[in-house]
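Notes for the one structure printed next.
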Amino acid sequence: VQLQASGGGLVQAGDSLRLSCAASERTFTGHSMGWFRQPQGKEREFVTVTSRNGGVTLYADSVKGRFTISRDNAKNTVYLQMNSLKPEDTAVYFCAASRKGYGRSWQLYDYWGQGTQVTVSS
């Protein structure tokens with residue numbers, strides 16, 4: 001599975017962005033889809049994940065209530081709607097696909113996109 005993330009950019013605190021991640025393969029529905037982020041100089045961290053049919057979602061406490069993950073299985077695409085952005089949300093955001101189920105650990109994920117930079121200025 002090849003993943004292509006897009007939608008990052010430079011915004012001000014309080015603004016919104018929507019990230020997209022397009023998957024290359026028709027077996028998209030067989031994968032849980034997650035988003036991780038990596039601030040400069042820090043480790044990659046879990047942001048959110050949605051199960052294969054979108055029925056279950058998990059969020060990091062730091063983004064709960066501000067970010068929403070969704071997926072369109074007809075378009076092989078997962079989205080991350082980010083509202084009320086804060087400077088601490090600044091990071092490279094990665095989408096990832098897992099055939100092993102959904103969870104917070106990066107070790108569950110088999111495929112990774114190339115990352116898209118999100119920068120939030122104060």
Side-chain angles (χ1 to χ4, degrees):
V1 177
Q2 291 183 327
L3 304 174
Q4 181 72 38
S6 61
L10 171 63
V11 297
Q12 293 186 331
D15 285 351
S16 298
L17 272 177
R18 189 176 81 154
L19 306 183
S20 299
C21 176
S24 63
E25 153 173 333
R26 290 176 290 176
T27 57
F28 178 73
T29 54
H31 296 79
S32 297
M33 298 297 299
W35 289 95
F36 288 74
R37 66 186 183 187
Q38 187 166 17
Q40 189 172 7
K42 297 184 179 181
E43 293 186 353
R44 192 170 299 191
E45 61 185 32
F46 169 79
V47 177
T48 181
V49 62
T50 182
S51 59
R52 294 180 180 90
N53 65 359
V56 179
T57 56
L58 300 175
Y59 293 94
D61 288 344
S62 59
V63 307
K64 199 174 295 182
R66 299 188 298 122
F67 290 11
T68 302
I69 189 171
S70 62
R71 63 189 297 162
D72 185 337
N73 286 343
K75 296 182 178 179
N76 288 359
T77 301
V78 63
Y79 304 98
L80 181 62
Q81 178 67 43
M82 304 185 295
N83 298 330
S84 303
L85 282 161
K86 304 176 181 180
E88 52 263 43
D89 295 319
T90 296
V92 178
Y93 283 71
F94 298 88
C95 59
S98 170
R99 298 180 64 180
K100 297 188 278 290
Y102 58 87
R104 300 172 187 269
S105 170
W106 64 267
Q107 295 175 318
L108 286 172
Y109 296 82
D110 306 290
Y111 307 100
W112 292 84
Q114 86 286 4
T116 184
Q117 176 71 46
V118 172
T119 303
V120 184
S121 63
S122 58

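Quick caveat, the model's predicted, so the values are computed rather than measured.
For Arg18 and Tyr79, the positive end sits near the middle of the six-membered ring, less than 6.0 Å away and at most 45° from its axis.
Annotation for Phe94 and Gly113: closest pair CD2-O, 3.6 Å, computed over non-hydrogen atoms. The minimum heavy-atom distance between Tyr102 and Ser51, with the atom names listed, is CD2-CB, 3.7 Å. Minimum heavy-atom separation, Gly103 to Leu108: CA-CD1, 3.5 Å. Here the closest non-hydrogen pair linking Leu3 and Gln114 is O-OE1, 3.7 Å. The minimum heavy-atom distance linking Arg52 with Thr29 is given by the pair CB-O, 3.3 Å. Residue Gly115 comes nearest to Val92 through the heavy atom pair CA-CG1, 3.8 Å, listed as atom of the first residue, atom of the second, then distance.
For Arg104 (side chain) and Tyr59 (main-chain N/O), a donor-acceptor pair under 3.5 Å exists by modelled atom type. Within the 3.5 Å criterion, the main-chain N or O of Ala60 finds no donor-acceptor partner in the side chain of Thr48.
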Working note: Lys100 + Asp110, criterion side chain to side chain contact (heavy atoms under 4.5 Å, CB included); need CA distance, chi angles, decisive distance, verdict.
CA-CA 8 Å; Lys100 297 188 278 290; Asp110 306 290; 2.5 Å; yes
Between Ser70 and Asp72, does the side-chain hydrogen bond (donor to acceptor under 3.5 Å, both in side chains) criterion hold? Intermediate values first, please.
CA-CA 7 Å; Ser70 62; Asp72 185 337; over 6 Å; no
Taking it one step at a time, do Arg37 and Val63 satisfy side chain to side chain contact (heavy atoms under 4.5 Å, CB included)?
CA-CA 11 Å; Arg37 66 186 183 187; Val63 307; 3.9 Å; yes
Decide yes or no on side-chain hydrogen bond (donor to acceptor under 3.5 Å, both in side chains) for Gln4 and Ser6, but give the supporting numbers first.
CA-CA 7 Å; Gln4 181 72 38; Ser6 61; over 6 Å; no
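The shortest distance between side-chain heavy atoms of Val120 and Asp15 does not fall below 4.5 Å.
Ring geometry for Tyr93 versus Phe67: interplanar angle of 30 to 60°, hence tilted.
Taking CD of Gln38 as the start and CD of Gln117 as the end, the distance is 10.5 Å to the nearest 0.5 Å. Interatomic distance, CZ of Arg66 versus OG of Ser16, reported as 10.0 Å (0.5 Å rounding). Interatomic distance, CD1 of Ile69 versus CE of Met82, reported as 12.0 Å (0.5 Å rounding). Here CD of Gln2 is found 12.5 Å from CG of Asn76. Values are rounded to the nearest 0.5 Å. Rounding to the nearest 0.5 angstrom, the gap separating the CE atom in Met33 from the OG1 atom in Thr50 is 9.5 Å.
Hydrophobic cluster membership differs between Val1 and Val49, with clusters built from Ile, Leu, Val, Met, Phe, Trp and Tyr side chains linked at under 4.5 angstrom. Following chains of ILVMFWY side-chain contacts shorter than 4.5 Å, one can reach Trp112 starting from Leu58, so the two form part of one hydrophobic cluster. A single hydrophobic cluster is not seen to contain both Phe46 and Leu19; linkage of ILVMFWY side chains at heavy-atom distances under 4.5 Å, directly or through other members, places them apart. Leu17 and Trp35 fall within the same hydrophobic cluster, defined by Ile, Leu, Val, Met, Phe, Trp and Tyr side-chain heavy atoms under 4.5 Å apart, directly or through other members. Note on Leu80: it clusters hydrophobically with Phe28, by side-chain heavy-atom contacts below 4.5 Å among ILVMFWY residues.
Taking 4.0 Å as the cut-off between side-chain N and carboxylate O, Lys86 and Asp89 do not count as a salt-bridged pair.
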